[in-house]
> 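Right, I'll just put the structure down here and ask away after.
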There are 2 protein chains.
Amino acid sequence: MSDLVTRLRRHNWRITPQRRVIAETLEGSHVHYTADEVLERACERMPEISRATVYNTLNEMVALGEVIELSLQGRSKRYDPNADHDHHHLICDGCGLMKDVHAVADPIEWLPGDERHGFTVTSAAVTYRGLCPDCRAAA
Amino acid sequence: MSDLVTRLRRHNWRITPQRRVIAETLEGSHVHYTADEVLERACERMPEISRATVYNTLNEMVALGEVIELSLQGRSKRYDPNADHDHHHLICDGCGLMKDVHAVADPIEWLPGDERHGFTVTSAAVTYRGLCPDCRAAA
DNA sequence: TCTCACTTTAGACCGCTTCTAAGGTTCGCC
DNA sequence: GGCGAACCTTAGAAGCGGTCTAAAGTGAGA
């Protein structure tokens with residue numbers, strides 16, 4: 001059973017066939033899909049699933065805190081089922097592919113007190129950008 | 001004369017009245033505007049300027065590397081005329097206020113080779129989040 | 001079995017951005 | 001200055017990601 005489904009069930013969330021397919025699609029890969037990519041892959045297993053259901057379901061998973069929503073420059077949102085918040089993201093400037101990466105230091109420590117403008121800083125996300133092997137070969 | 005206009009001129013970029021107004025609007029504030037906010041402010045000085053021109057011009061400035069395009073977790077992109085690429089952003093989770101900050105380390109150095117998944121990594125941006133003094137006081 | 005709350009669906013709708021086609025402006029060159 | 005080519009601006013249409021609506025379907029508990 002999908003681990004994400006287990007986590008969702010704990011919220012007393014009704015696990016319908018549609019929701020199961022969406023959860024398993026999200027979790028089945030180590031890349032982060034857009035909503036439309038999730039829809040496309042879910043359709044392979046359940047052709048009649050609707051766009052609205054995919055959007056609703058993804059938003060509900062985000063609201064439950066079991067999925068993280070990532071919005072990046074000029075592209076569509078992507079969904080990360082990884083509950084471990086201690087990771088960052090690597091994005092291909094060519095095709096938008098997104099992967100998780102683990103850096104070795106905590107970026108909050110890199111920000112000196114006099115650069116904090118009086119803020120209480122609670123989190124730091126690092127976005128690495130570059131070209132994936134496929135896009136580099138195509139260039 | 002606007003410093004951004006000077007920098008743009010160096011690219012052999014034709015400085016039309018519209019482009020000048022847009023550049024000066026961008027640079028005249030320390031806030032990062034959305035395209036529509038730029039349009040609105042440009043219209044105060046040049047009422048007949050068109051939406052397409054604002055969008056085109058902002059995109060061209062970004063392509064020239066003189067303006068940075070930012071997408072916060074919200075809807076529309078914002079434009080940062082600060083050509084110094086060596087800075088990051090601090091965002092208030094309460095009110096959305098965004099400020100530039102300077103960190104002491106280069107995040108790319110903290111990403112081990114075996115976490116790069118074959119990518120050619122060219123840049124890293126850090127987004128710090130927290131609460132600004134006003135929002136902390138209000139909470 | 002009945003009921004009522006929850007879920008799914010198709011398609012309309014919305015906001016931001018880009019594209020298109022037409023007309024205007026500027027520049028180099030003579 | 002006059003000319004032509006390249007460039008720029010414009011209004012409006014179109015595209016796209018995402019949300020909303022209204023109606024139909026589903027299912028757990030009384």
> Determine: side-chain N/O of B:Lys77 to OP1/OP2 of C:dT18, distance under 4.0 Å, yes or no.
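So the side-chain polar atoms of B:Lys77 do come within 4.0 Å of the phosphate oxygens OP1 or OP2 of C:dT18, strictly under.
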> In whole angstrom, what separates B:Glu40's CD from C:dC16's P?
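Nearest whole value for this atom pair: 12 Å.
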> Between A:Ser50 and C:dT9, is there a side-chain N or O to OP1/OP2 distance below 4.0 Å?
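A:Ser50 to C:dT9 OP1/OP2: side-chain N or O found under 4.0 Å.
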> Just compare C:dT8, C:dG11, D:dG18 and give me whichever is closest to any side-chain atom of A:Thr53.
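Of all the options, the side chain of A:Thr53 is nearest to C:dT8.
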> State which residue, out of B:Ile68, B:Val38, B:Thr34, fulfils the side chain to side chain contact (heavy atoms under 4.5 Å, CB included) condition with B:Arg78.
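Answer after filtering B:Ile68, B:Val38, B:Thr34: B:Thr34.
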> Rounded to the nearest angstrom, tell me the gap between atom CE in B:Met61 and atom C1' in D:dC8.
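So the CE-C1' distance, B:Met61 to D:dC8, works out to 14 Å.
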> How long is the gap from OH on A:Tyr128 to CG on B:Leu111, to the nearest 0.5 Å?
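One finds 4.5 Å between OH of A:Tyr128 and CG of B:Leu111.
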> Without decimals, in angstroms, what is the distance between A:Leu39 CG and D:dC16 P?
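About 15 Å, once rounded to whole Å.
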> What is the distance, rounded to the nearest whole Å, between atom CG of B:Asn56 and atom C1' of C:dA21?
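So the two atoms are 14 Å apart, to the nearest Å.
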> Taking CH2 in B:Trp110 as the centre, count heavy atoms belonging to other residues, nucleotides or ligands within less than 6.0 Å. Is the count above 12?
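Counting other residues, nucleotides and ligands, CH2 of B:Trp110 stays at 12 neighbours or fewer.
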> Identify which one of A:Leu26, A:Asp80, A:Thr57 satisfies the side chain to side chain contact (heavy atoms under 4.5 Å, CB included) criterion when paired with A:Val67.
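Of all the options given, the one that passes is A:Leu26.
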> Report yes if a side-chain nitrogen or oxygen of A:Gln18 is closer than 4.0 Å to either non-bridging phosphate oxygen (OP1 or OP2) of C:dT9; otherwise report no.
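The answer is yes; a side-chain N or O of A:Gln18 sits under 4.0 Å from OP1 or OP2.
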> Report the residue (A:Pro17 or B:Asp36) whose heavy-atom-nearest nucleotide on DNA chain C is the more 5′ of the two.
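The residue mapped nearer the 5' terminus is A:Pro17.
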> May I have the distance from B:Leu58 (atom CG) to C:dC16 (atom C1'), rounded to whole angstrom?
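Taking CG of B:Leu58 and C1' of C:dC16, I get 13 Å after rounding.
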> Respond yes when some side-chain nitrogen or oxygen of B:Asn59 is under 4.0 Å from OP1 or OP2 of C:dT17, and no when none is.
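Answer no for this pair, as no side-chain N or O of B:Asn59 is under 4.0 Å from OP1 or OP2.
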> Regarding A:Thr16, tell me which of base, sugar-phosphate or nothing describes its non-hydrogen contacts under 4.0 Å with the strands shown.
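If one applies the 4.0 Å heavy-atom cut-off, A:Thr16 turns out to touch the sugar-phosphate alone, with no base involved.
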> Of the listed nucleotides (D:dT9, C:dT17, C:dT25), which one gets closest to any side-chain atom of B:Arg19?
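For B:Arg19, the side-chain atoms sit closest to D:dT9.
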> Within the 4.0 Å heavy-atom criterion, would you say A:Arg51 contacts the bases, only the backbone, or no part of the nucleic acid?
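A:Arg51: base contact, heavy atoms under 4.0 Å.
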> Measure the distance from CD1 on A:Ile22 to P on C:dT7 and round it to the nearest whole Å.
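It is 12 Å, rounded to the nearest whole Å.
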> Which of these nucleotides, D:dT10, C:dT9, D:dC8, is closest to any side-chain atom of B:Arg14?
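Among D:dT10, C:dT9, D:dC8, the one nearest the side chain of B:Arg14 is D:dC8.
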> Provide, to the nearest angstrom, the distance between the CD1 atom belonging to B:Ile15 and the P atom belonging to D:dC8.
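For the pair B:Ile15 CD1 and D:dC8 P, the rounded distance is 10 Å.
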> Hey, can you tell me if A:His32 and A:His89 have their rings parallel, tilted or perpendicular (30° and 60° cut-offs)?
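Geometry flag for A:His89 against A:His32: perpendicular rings.
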> Please state how far atom OH in A:Tyr55 lies from atom C1' in C:dC13, giving the value in whole angstrom units.
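Rounded to the whole Å, the gap is 14 Å.
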